[in-house]
Amino acid sequence: MNPYLDIAPEVQTALAQGQAVVALESTIISHGMPYPQNVETALRVEAEVRAHGAVPATVAIVQGRLQAGLSAAQIERLGRAGHAVTKVSRRDMGFVVAAGADGATTVAATMRIAALAGIRVFATGGIGGVHRGAEQSFDISADLQELAQTPVAVVCAGAKSILDLRLTLEYLETQGVPVVGYQTEALPAFFTRESGFKVDYRLDSAHAIAKAMHAQWALGLPGGMVVANPIPQAHAMERGTIDRAVAQALQEASAQGISGKASTPFLLARVNELTGGDSLASNIALVLNNARLACAIALAYAGLGH
Ligand code: PSU
Ligand code: MN
C-alpha cells in the first residue's frame with residue numbers, strides 16, 4: 001500500500017472482501033457548497049450510500065495523509081473551514097502531503113487517491129472541464145487529464161454551464177474518455193437534464209455500465225469514464241434562470257481578474273448566491289441521485305467478480 005495512504009477500517013474490510021465501495025470527493029464540501037449544508041449533504045450522501053448497500057469512502061488529505069474514508073468529525077472540520085482549506089487538484093497533492101496540511105480533493109485528486117486505494121467507482125455533483133474562453137485563458141480542469149489516466153468511473157450530473165460543454169466533450173474524445181449517459185442520449189448540464197449535446201453511449205442499467213468498465217480495463221485502456229446521470233425532473237431548474245446567473249458570474253469573474261484554481265470555486269459560489277436556495281436544493285438532490293447510481297454500479301461491478 002502507498003506509504004502516504006490511510007484507508008478507513010470499514011473501507012479496507014469492504015475492499016478486502018470484494019464488496020461495493022463508492023468514493024466521494026471533498027472539494028464539493030469545502031468549496032462547492034456553503035456551511036452547514038455542505039456537511040449535512042456529505043453525511044446524507046454517506047448514509048444514502050450505506051442504505052443502498054455500499055460502503056462510502058469520502059476522500060481528502062488530513063494532516064498530510066491521503067485519506068480514503070473520513071470520520072464525521074473530519075467532514076465537519078473540512079466543511080466548517082470552507083474556502084480556508086486548500087483546494088487540492090493533482091498538481092497540489094505532493095506539496096500538501098509534504099507540508100502535513102489538510103486538503104479538500106477535487107475530482108482529479110479524489111480519482112487518484114481512489115485508484116491508489118483500489119476503488120473504481122466515485123460519485124460527485126459535477127466534474128471540471130474546459131472553461132468558456134479557454135482558447136484565450138487555457139483554463140482546462142486537470143479533472144480531464146485525470147480521467148484520461150486513472151481507471152475510475154465518475155458518476156456526475158454532467159458539468160455546469162460555467163464550462164464550455166462542447167469543448168469539454170471534444171477534449172474528452174481526444175483523451176479517449178468515454179461519456180456514458182444513464183438512461184439518456186442527452187448530455188446533462190448539472191441543473192438541467194439536457195445541454196443540447198449528446199453523450200457517446202447511452203446505457204440503461206448499472207449492470208451494462210459495470211460491464212463496459214470491466215471491458216475497458218480488461219483491454220488495458222488506462223483511463224476512466226464519465227457516467228452522466230441527469231438530475232431528477234422534479235429538481236431540475238429552469239434553463240433561463242441558470243443561464244442568467246452563469247452569465248453574471250462569468251462577467252464578475254472576468255471583471256475581478258479571477259483565474260487559475262480560484263476560478264471554479266468563485267463561479268460555483270456566485271451561481272449559488274445568485275440563484276439562492278433553489279440551486280442549492282437542486283445540487284443536493286442531484287448528488288444524492290448520483291450516489292444511488294454509483295452504488296448500483298459498484299454493486300454490479302463487484303458482482304462481475306475480480
Ligand atoms: N463543479 C461543480 N461542483 C464542484 C466542482 C466542480 O459543479 O464542486 C469542483 C470539483 O471538485 C471539481 C473541481 O473537481 O471543482 C474542478 O476545479 P478546477 O476547475 O479548478 O479543476
Ligand atoms: Mn482551472
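Counting convention: from 1, in listed order, for ligands and their atoms alike. All values below come from the heavy atoms of this structure, side chains included, with hydrogens, waters and symmetry mates left out.
From the protein, the heavy atom lying nearest to atom 11 (O) of ligand 1 is Glu25 OE1, 2.7 Å. Remark: minimum distance from atom 7 (O) of ligand 1 to any protein heavy atom is reached at Lys160 NZ, 2.7 Å. Looking only at heavy atoms of the protein, atom 17 (O) of ligand 1 is closest to Lys87 NZ, 3.3 Å. Among protein heavy atoms, atom 21 (O) of ligand 1 sits closest to Ser141 OG, 2.6 Å. Closest to atom 1 (N) of ligand 1, if we only count protein heavy atoms, is Gly126 O, 3.6 Å. Among protein heavy atoms, the minimum distance from atom 9 (C) of ligand 1 is reached at Thr27 CG2, 4.0 Å. Scanning the protein for heavy atoms near atom 5 (C) of ligand 1, the closest one is Leu268 CD1, 3.7 Å.
Each of Ile7, Ile113, Leu116 was scored for a side chain to side chain contact (heavy atoms under 4.5 Å, CB included) with Asn2, with one residue passing: Leu116. The only option from Arg80, Met33, Glu76 that meets the side chain to side chain contact (heavy atoms under 4.5 Å, CB included) definition with Val39 turns out to be Glu76.
Ligand 1 places these atoms under 4.0 Å from at least one heavy atom of Thr264: 6 (C), 15 (O), 17 (O), 18 (P), 19 (O), 20 (O).
Ligand 1 does not have Met33 within reach: every non-hydrogen atom of the residue lies 4.0 Å or more from it. Under a 4.0 angstrom heavy-atom cut-off, His131 registers as being in contact with ligand 1.
Polar contact with ligand 1: absent for Ser89 (N/O pair, distance under 3.5 Å). The shortest N/O to N/O separation between Lys261 and ligand 1 does not fall below 3.5 Å.
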| message | One pair to check against side chain to side chain contact (heavy atoms under 4.5 Å, CB included): Glu135 and Leu167. What are the steps and the verdict? | response | CA-CA 10 Å; Glu135 59 276 23; Leu167 294 186; 4.2 Å; yes

| said: Between Asn290 and Leu286, does the side chain to side chain contact (heavy atoms under 4.5 Å, CB included) criterion hold? Intermediate values first, please. | reply: CA-CA 6 Å; Asn290 295 342; Leu286 68 82; 3.9 Å; yes

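Within the 4.5 Å cutoff, side-chain heavy atoms of Arg202 are placed close to those of Asp204.
Between Glu185 and Lys198, no side-chain nitrogen of the basic residue sits less than 4.0 Å from a carboxylate oxygen of the acidic one, so the salt-bridge criterion is not met.
When all heavy atoms of Gly224 and Val177 are compared, the closest pair comes out as O-CG1, 4.1 Å.
At a cut-off of 3.5 Å, with distance as the only test, a side-chain donor of Glu146 or Thr150 sits close to an acceptor on the other residue.
Among heteroatoms of the N, O or S kind in Asp139, OD1 lies nearest the Mn ion (ligand 2).
The distance from atom CG of Leu203 to atom CE of Met213, rounded to the nearest 0.5 Å, is 11.5 Å.
Comparing Leu267, Asp143, Thr105 by heavy-atom distance to atom 13 (C) of ligand 1, the nearest is Asp143.
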